[in-house]
S.K.: 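Please find one structure pasted underneath; my questions will follow.
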Amino acid sequence: MNLIFNLKQSTANCINNLYSIQLQPEQVLVNATKPEFEGDYTIVLFAFVKQLGKSPEVLGNELGEAMLAAMPGIITKFNIVKGFLNFTISNAYWFDFINATTPDNLLPAAKHPRKIMVEYSSPNTNKPLHLGHLRNNFLGWSIAEILKLQGNEVVKTCIVNDRGIHICKSMIAWQLFANGATPNDTKQKGDHFVGDYYVKYNDAYKAEVTALVASGMTQELAEKEAPIQKAAQAMLLKWEQGDPETIELWKHMNSWVYEGFNTTYKKIGSDFAKTYYESNTYLLGKELVEQGLNKKVFYQKEDSSVWIDLTADGLDEKIVRRKDGTSVYITQDIGLAEVKQKEFNTDASIYVVGDEQNYHFKVLKLICQKLQLPAADGIFHLSYGMVELPTGKMKSREGTVVDADDLVEEMIAISKEKTESLGKVSEFSQDQLTELYNTIGLGALKFFLLRVDPKKKMVFNPEESIDFHGFTGPFIQYTHARIKSILRKTGTDINLVASELLPLEKQLAIELSTFPDVINEAAETLDPSKVAIYTFNLAKLFNTFYAELSISNAESEEKKHLRIKLGILIAATLQKGMSALGIAVPEKM
RNA sequence: GGUUCGGUAGCUCAGCUGGAUAGAGCGUCAUCCUUCUAAGAUGAGGGCCAUUGGUUCGAAUCCAAUCCGAAUCACCA
């Protein structure tokens, strides 16, 4: 059931029959009719007026009559205003829609289900998660859910950046300053504990550089010569050589971090079918470099480093293997793409990664295509913008990061406070209350981060903590709870009898009918904000309806049953839409 | 400098496959709880859609130039 498509199709057919002009349904523009005009859907005639050499009035009348005949029982009348042909859809059509729709068939079955990988989260093990990671995690989860609603099979993966110089920095600082302390001793989450040593490293490094400069060294030289920096580099070398003591320390500190991450993931609801570790994957891709050399996709310079020339594609030359034979970032990613493809054999692979890596992913896809890897064409980069503070970018060194755990706790605390002050859930048990606060607090946070276009950078103002009114998660959760409360009183045992729909009832039916299109569009554009906006509009429309018309005290039994059915469908749609954002909706709040 | 992305109400954002009078939320002001959950609803106010030019019956939307902001152009990941 897709009325808009049928309208386009019929219009194309009618124009073809009337004037022998071939039109694709996609060329027909169908809009919802503006409220100030009569009708439900509007076809814009201007596009055809010129081509047919007919006035909009004449064309509108001829086309309108033909459409009446083409869609009997659906289109009941039409009118023409300037170049706009407005159709009124029959009451029976919308009544049948309400009657035939159930919470279980809100979305059609998948036509071509695919197997899709979503890689997201991808943390570093030297510092705790912050607001930017939350955007990443929520986006990744949401995209996975949206794709599942479409009927696809989804495999969620995570690549952990667990090696490299930044990890060594935390390790050195721990050796120097910790006196053998563990997260247990300081009662800290492991990721915060390790993150603190990363900060301590940077403080020590800065102090050393300042001291060296004071003793007469140039800034540039001091930055290279700072002893702690040299120690970190030496440690990286030892790590790469497999020095047992270093490896042991590395494993130990990473285990603390993972414990912390797991707590956070559990709290915010992130999970993965498979986690890859860069310490295992960083040597991948070497055989592919050899293959690429043989295929002449790559070339070798005199110093024996290996490159690819992408200038023909509008990009630069890019190194894929160092002169010492080691892999670079891009090489690993090529290797990992191949490994993932072999392991899961997916039709597509979506990488949820910040937009600072746009260039990287362009190069990655291009190289994979040139190597003719099976994974190549399925690579999609879901690029999202940074979360900024009103003062600008978050910088860990300047202490301006918004910590993920802190923010989550704050949101839950606010939801607790608000819930208590409203006093509507006095009969809840302590466990139920805890769950409710989590649901609302996380709902507010997730909705806030998902309601804007992922591509765009967004501003988060910690001073004006996230809202619970208006275009927010709690507003929609509240609307859902409100409907459920009504349905508990009226019951859901209904017997639908056809009746004339009031404008608000019809509007709700129309809004409900677009849900599948919204999910499809969100899936195609990898944009959960489309779903956020839709659920908000639906909830808002229901609230208007609620203020105007009574369900339990409806004018008649037919109306009461009809509105109960609408309530059931709206609640179910809100629930599904919000679940696509990773947000639960309470029965009561 | 090259490439890419952005600039819409005081603030945060929709709208951008060209269509009727540019929309929400927050904030401000004013109304509505003896009646299904007021985390709600209704109304008011708020706009040279960065600028200039072009294409078109019609431009916030497409094209060009300019201004402003961001990312990137690493043998870091």
Side-chain angles (χ1 to χ4, degrees), chain A residues 26-27 29 31 33-34 36-37 42 44-47 49-50 56 81-84 86 122 124 159 161 163-167 278 282 303 305-307 314-316 318-324 326-333 354-360 362-363 383 385-386 388 390 392-393 415 418-419 421-422 424-425 440 444 448 451-453 455-461 464 467-479 481-490 529-530 532-533 536-537 539-540 542-554 560 563 567 588-589:
Chain A
E26 300 80 50
Q27 291 172 269
L29 187 62
N31 292 331
T33 303
K34 302 267 175 197
E36 55 271 33
F37 300 99
T42 299
V44 183
L45 298 173
F46 293 106
V49 166
K50 205 175 197 178
V81 182
K82 291 196 267 179
F84 301 94
N86 302 322
S122 310
N124 282 352
I159 170 84
N161 181 3
R163 51 146 249 128
I165 189 76
H166 46 290
I167 317 294
E278 205 194 303
Y282 82 111
D303 67 356
S305 60
V306 179
W307 295 72
L315 306 175
D316 301 289
K318 188 90 189 168
I319 191 163
V320 295
R321 193 173 73 190
R322 298 188 185 95
K323 64 182 174 197
D324 62 5
T326 54
S327 297
V328 295
Y329 177 41
I330 193 88
T331 326
Q332 301 168 36
D333 261 7
D355 62 6
E356 72 272 12
Q357 294 201 38
N358 286 351
Y359 183 78
H360 171 79
K362 224 188 235 177
V363 172
S383 160
M386 221 165 287
E388 293 184 354
K393 276 206 304 198
S415 78
K418 299 220 174 195
T419 306
S421 73
L422 288 169
K424 292 181 185 172
V425 287
I440 298 173
F448 178 83
R451 70 181 190 180
V452 306
D453 186 339
K455 287 197 305 289
K456 294 193 179 180
K457 67 176 187 215
M458 60 183 295
V459 176
F460 171 73
N461 188 346
E464 306 171 359
D467 225 303
F468 282 60
H469 302 269
F471 184 25
T472 67
F475 170 86
I476 295 158
Q477 291 173 320
Y478 174 76
T479 306
R482 186 183 231 184
I483 297 169
K484 284 304 177 98
S485 166
I486 296 166
L487 294 180
R488 274 193 295 273
K489 288 187 179 151
T490 61
S529 75
K530 301 255 172 27
I533 292 165
F536 171 66
N537 285 335
K540 198 172 153 51
F542 175 81
N543 282 323
T544 304
F545 162 86
Y546 169 88
E548 297 285 322
L549 301 166
S550 177
I551 296 175
S552 57
N553 276 323
K560 180 173 172 181
R563 290 177 193 165
K588 193 167 187 193
M589 68 185 270

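To find a chain, count down the sequence lines: A is the first, B the second, and so on, and within it residues start at 1. Keep in mind that this is a model prediction, so the values were computed, not measured.
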S.K.: Between B:C62 and B:A74, how far apart are the P atoms? Round to whole Å, please.
M.R.: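 It works out to 31 Å between them.
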S.K.: Checking only heavy atoms, does the side chain of A:Asn86 share a donor-acceptor pair with the base of B:A20 at less than 3.5 Å?
M.R.: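 Donor-acceptor pair under 3.5 Å: yes.
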S.K.: Assess the residue pair A:Phe475 and A:Tyr478 against the criterion (ring-ring contact (aromatic ring centres under 6.0 Å, His included)); give the C-alpha distance rounded to whole Å, side-chain angles, the decisive distance to 0.1 Å, and a yes or no.
M.R.: CA-CA 5 Å; A:Phe475 170 86; A:Tyr478 174 76; 7.7 Å; no
S.K.: Has A:Ser485 got a side-chain N or O lying under 4.0 Å from the OP1 or OP2 atom of B:U37?
M.R.: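 For A:Ser485, the contact criterion (side-chain N or O under 4.0 Å from OP1 or OP2 of B:U37) is met.
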S.K.: So which nucleotide does B:U21 pair with, by the Watson-Crick or G-U wobble rule with both distances under 3.5 Å?
M.R.: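 Partner of B:U21: none found under 3.5 Å.
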S.K.: Mind listing the closest non-hydrogen atom pair of A:Asp467 and A:Ala444 along with its distance?
M.R.: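 For A:Asp467 and A:Ala444, the tightest heavy-atom pair comes out as O-CB, 4.3 Å.
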S.K.: For the base of B:A20, is there a side-chain donor-acceptor partner from A:Thr42 under 3.5 Å away?
M.R.: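 Side chain to base: pair present.
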S.K.: Phosphate oxygens OP1/OP2 of B:A14: is one of them under 4.0 Å from a side-chain N or O of A:Lys456?
M.R.: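 So the side chain of A:Lys456 is within the cut-off, an N or O lying under 4.0 Å from OP1 or OP2 of B:A14.
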S.K.: Closer to the 5' end of RNA chain B via nearest nucleotide, is it A:Tyr359 or A:Pro474?
M.R.: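 Per heavy-atom nearest nucleotide, the more 5' residue is A:Pro474.
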S.K.: Should A:Arg322 be listed as having a side-chain N or O under 4.0 Å from OP1 or OP2 of B:C76?
M.R.: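 A:Arg322 to B:C76 OP1/OP2: side-chain N or O found under 4.0 Å.
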S.K.: Scan every strand shown for a Watson-Crick or G-U wobble partner of B:C29, both distances under 3.5 Å, and answer none if you come up empty.
M.R.: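 B:G43 - that is the nucleotide pairing with B:C29, both distances being under 3.5 Å.
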S.K.: Using only heavy-atom distances, decide whether a donor-acceptor pair under 3.5 angstrom links the side-chain of A:Asn161 to the base of B:C76.
M.R.: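 There is none.
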S.K.: Considering every strand shown, what is the Watson-Crick or G-U wobble mate of B:C16 when both distances are under 3.5 Å?
M.R.: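 Matched B:C16 with nothing under the 3.5 Å cut-off.
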S.K.: Let's test this: given Watson-Crick or G-U wobble pairing with both distances under 3.5 Å, identify the partner of B:G1.
M.R.: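 B:C73 - that is the nucleotide pairing with B:G1, both distances being under 3.5 Å.
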S.K.: Do A:Arg482 and A:Tyr546 meet the cation-pi criteria used here (NZ or CZ under 6.0 Å from the six-membered ring centre, within 45° of the axis)?
M.R.: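 Yes.
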S.K.: So, is A:Lys457 near the phosphate of B:G69, with a side-chain N or O under 4.0 Å from OP1 or OP2?
M.R.: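 So the side chain of A:Lys457 is outside the cut-off, no N or O lying under 4.0 Å from OP1 or OP2 of B:G69.
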S.K.: Any side-chain N or O of A:Arg563 under 4.0 Å from OP1/OP2 of B:C36?
M.R.: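 So the side-chain polar atoms of A:Arg563 never come under 4.0 Å of the phosphate oxygens OP1 or OP2 of B:C36.
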S.K.: Quick one: look up who B:C62 pairs with, Watson-Crick or G-U, both distances under 3.5 Å, and put none if it's unpaired.
M.R.: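 Its partner is B:G54 (Watson-Crick or G-U wobble, both distances under 3.5 Å).
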S.K.: B:G19 base stacked by A:Phe46? Criteria: ring centres under 5.5 Å, plane angle under 30°.
M.R.: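 Base of B:G19: stacked against A:Phe46.
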S.K.: If you assign A:Glu548 and A:Glu26 each to the RNA chain B nucleotide with the nearest heavy atom, which residue ends up on the more 5' nucleotide?
M.R.: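 Final value for this comparison: A:Glu26.
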S.K.: Is any side-chain heavy atom of A:Leu45 closer than 4.5 Å to one of A:Phe84?
M.R.: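 Counting from C-beta outward, A:Phe84 and A:Leu45 never come under 4.5 Å.
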